[in-house]
Amino acid sequence: MALLASSLCAGAFEFDGIDLNSPYANVTREIAKKGYTYNHDRNCLQGNCQGVDIFVSINYLDVIKEGMLGQLIVEVPAGGDVKTMYNDVSVILNIIYHQIAKDEETVTYLVDNDGTKLILGEKNGYLILTYNTPFYSVKRSK
């Protein structure tokens, strides 16, 4: 919960003090400075944020503007009942942000006027926070 609180206090478009609306190279440089390393088994970065070991995936391919970050996915271990943590976090996010969509698996929030969205989900004992920047766009195959 401390990780989530620090992320919320820092700003919707920031993660661990890193501006997600920056060029992709800047984001990855800042993540590396914080000591995140590549985890081959999970095909993502692993690091410690606010005392919690987390996994971070970066999507810089599905973007409307080349060189920008499209999406950052953070997996936080629930450390117990993931459903309870998911429900607690969704209550907090419902107070702070404008909920724009909800289904059985996720809740989506509009977190900034620039179009930044935060999608809350859970899977395999992890709370999943997906930040979609204003540059995110799913590329469609022709």
Side-chain angles (χ1 to χ4, degrees), residues 1-79 82-142:
M1 289 295 254
L3 166 70
L4 178 66
S6 75
S7 178
L8 296 176
C9 293
F13 47 89
E14 288 187 2
F15 164 73
D16 198 14
I18 301 167
D19 181 3
L20 298 181
N21 291 340
S22 297
Y24 166 72
N26 292 0
V27 173
T28 56
R29 187 177 316 110
E30 291 301 314
I31 288 173
K33 283 182 186 177
K34 292 186 178 285
Y36 288 80
T37 57
Y38 186 72
N39 181 310
H40 292 281
D41 294 334
R42 293 190 58 141
N43 191 28
C44 66
L45 298 170
Q46 181 175 359
N48 189 285
C49 180
Q50 306 295 322
V52 177
D53 290 326
I54 62 170
F55 298 98
V56 177
S57 300
I58 299 171
N59 180 345
Y60 61 92
L61 300 175
D62 297 323
V63 293
I64 56 175
K65 183 177 177 185
E66 194 169 330
M68 298 303 286
L69 178 74
Q71 188 178 60
L72 182 106
I73 302 168
V74 181
E75 298 178 57
V76 182
V82 71
K83 286 286 187 193
T84 299
M85 186 174 180
Y86 175 86
N87 290 334
D88 292 346
V89 169
S90 67
V91 167
I92 294 168
L93 291 176
N94 281 333
I95 293 168
I96 298 171
Y97 299 126
H98 176 66
Q99 184 184 114
I100 57 173
K102 183 177 182 176
D103 60 36
E104 291 183 17
E105 297 179 6
T106 62
V107 182
T108 303
Y109 301 92
L110 183 62
V111 296
D112 196 60
N113 291 334
D114 67 3
T116 302
K117 295 178 184 167
L118 173 61
I119 302 165
L120 173 66
E122 57 91 4
K123 186 175 181 180
N124 298 329
Y126 287 86
L127 192 64
I128 312 296
L129 301 166
T130 303
Y131 294 84
N132 289 342
T133 73
F135 305 105
Y136 177 68
S137 177
V138 177
K139 292 186 178 179
R140 308 276 185 228
S141 58
K142 294 183 179 185

ask   = For the residue pair Tyr126 and Phe55, does the interplanar ring angle fall in the parallel (under 30°), tilted (30 to 60°) or perpendicular (over 60°) class?
value = perpendicular

Rounded to the nearest 0.5 Å, the CD1 atom of Ile31 sits from the OG1 atom of Thr28 at a distance of 7.0 Å

When every non-hydrogen atom of Leu127 is compared with those of Met85, the smallest separation belongs to CD2-CE, 3.9 Å

Under 3.5 Å side-chain donor-acceptor pair for Thr84 and Asn87
no

Please examine the side chains of Tyr36 and Ile54, heavy atoms only from C-beta on, and report whether any two atoms are closer than 4.5 Å. yes

May I ask you to check whether Asn43 and Tyr38 show a side-chain donor-acceptor distance below 3.5 Å?
yes

**Study point:** Exam field: side chain Thr116 to backbone Thr133, donor-acceptor pair closer than 3.5 Å
**Key:** no

One should read off an interatomic distance between Ile96 CD1 and Leu118 CG, to the nearest 0.5 angstrom, of 10.0 Å

A side-chain contact here means heavy atoms from C-beta on lying under 4.5 Å apart; do Tyr131 and Ile73 qualify? no

Test side-chain contact (heavy atoms from CB on, under 4.5 Å), reference Thr108, set Asn132, Leu120, Ile119, output is Ile119

What verdict does the salt bridge (charged side-chain N to carboxylate O under 4.0 Å, His left out) test give for Glu105 and Lys123, after you've listed the backbone C-alpha separation in whole Å, the side-chain angles of each residue and the deciding distance to 0.1 Å? CA-CA 9 Å; Glu105 297 179 6; Lys123 186 175 181 180; over 6 Å; no

For Gly121 and Thr106, the nearest pair of non-hydrogen atoms, with its separation, is CA-CG2, 4.3 Å

Heavy atoms of Phe135 and Met68 approach each other most closely as CE1-CE, 3.3 Å

dist Tyr97:OH -> Tyr109:OH (nearest 0.5 Å) comes out at 10.5 Å

Within the structure provided, determine whether Ile58 and Leu69 are in side-chain contact (heavy-atom separation under 4.5 Å). yes

The reported gap from CG in Leu129 to CD in Glu122 (rounded to nearest 0.5 angstrom) is 12.0 Å

In short, Ser137 meets Ile64 closest at the heavy-atom pair CB-CG2, 3.2 Å

One should read off an interatomic distance between His98 NE2 and Lys117 NZ, to the nearest 0.5 angstrom, of 10.5 Å

The reported gap from CG in Leu20 to CD in Glu30 (rounded to nearest 0.5 angstrom) is 11.5 Å

Give the intermediate values and the outcome of side-chain contact (heavy atoms from CB on, under 4.5 Å) for residues Val74 and Ile128. CA-CA 6 Å; Val74 181; Ile128 312 296; over 6 Å; no

Polar side-chain atom of Asn59 near backbone of Asp62 as donor-acceptor pair, under 3.5 Å: yes

Of Asp16, Asn48, Leu45, Val56, the one forming a side-chain contact (heavy atoms from CB on, under 4.5 Å) with Lys34 is Asp16

Hey, mind stepping through Asn26 and Arg29 against side chain to side chain donor-acceptor pair (under 3.5 Å) and telling me if it holds? CA-CA 5 Å; Asn26 292 0; Arg29 187 177 316 110; 3.1 Å; yes

Between Gly125 and Val82 the two heavy atoms that sit nearest each other are C-CG2, 4.0 Å

- prompt: Is it the case that more than 12 heavy atoms not belonging to Asn113 sit under 6.0 Å from its CG atom?
  reply: no

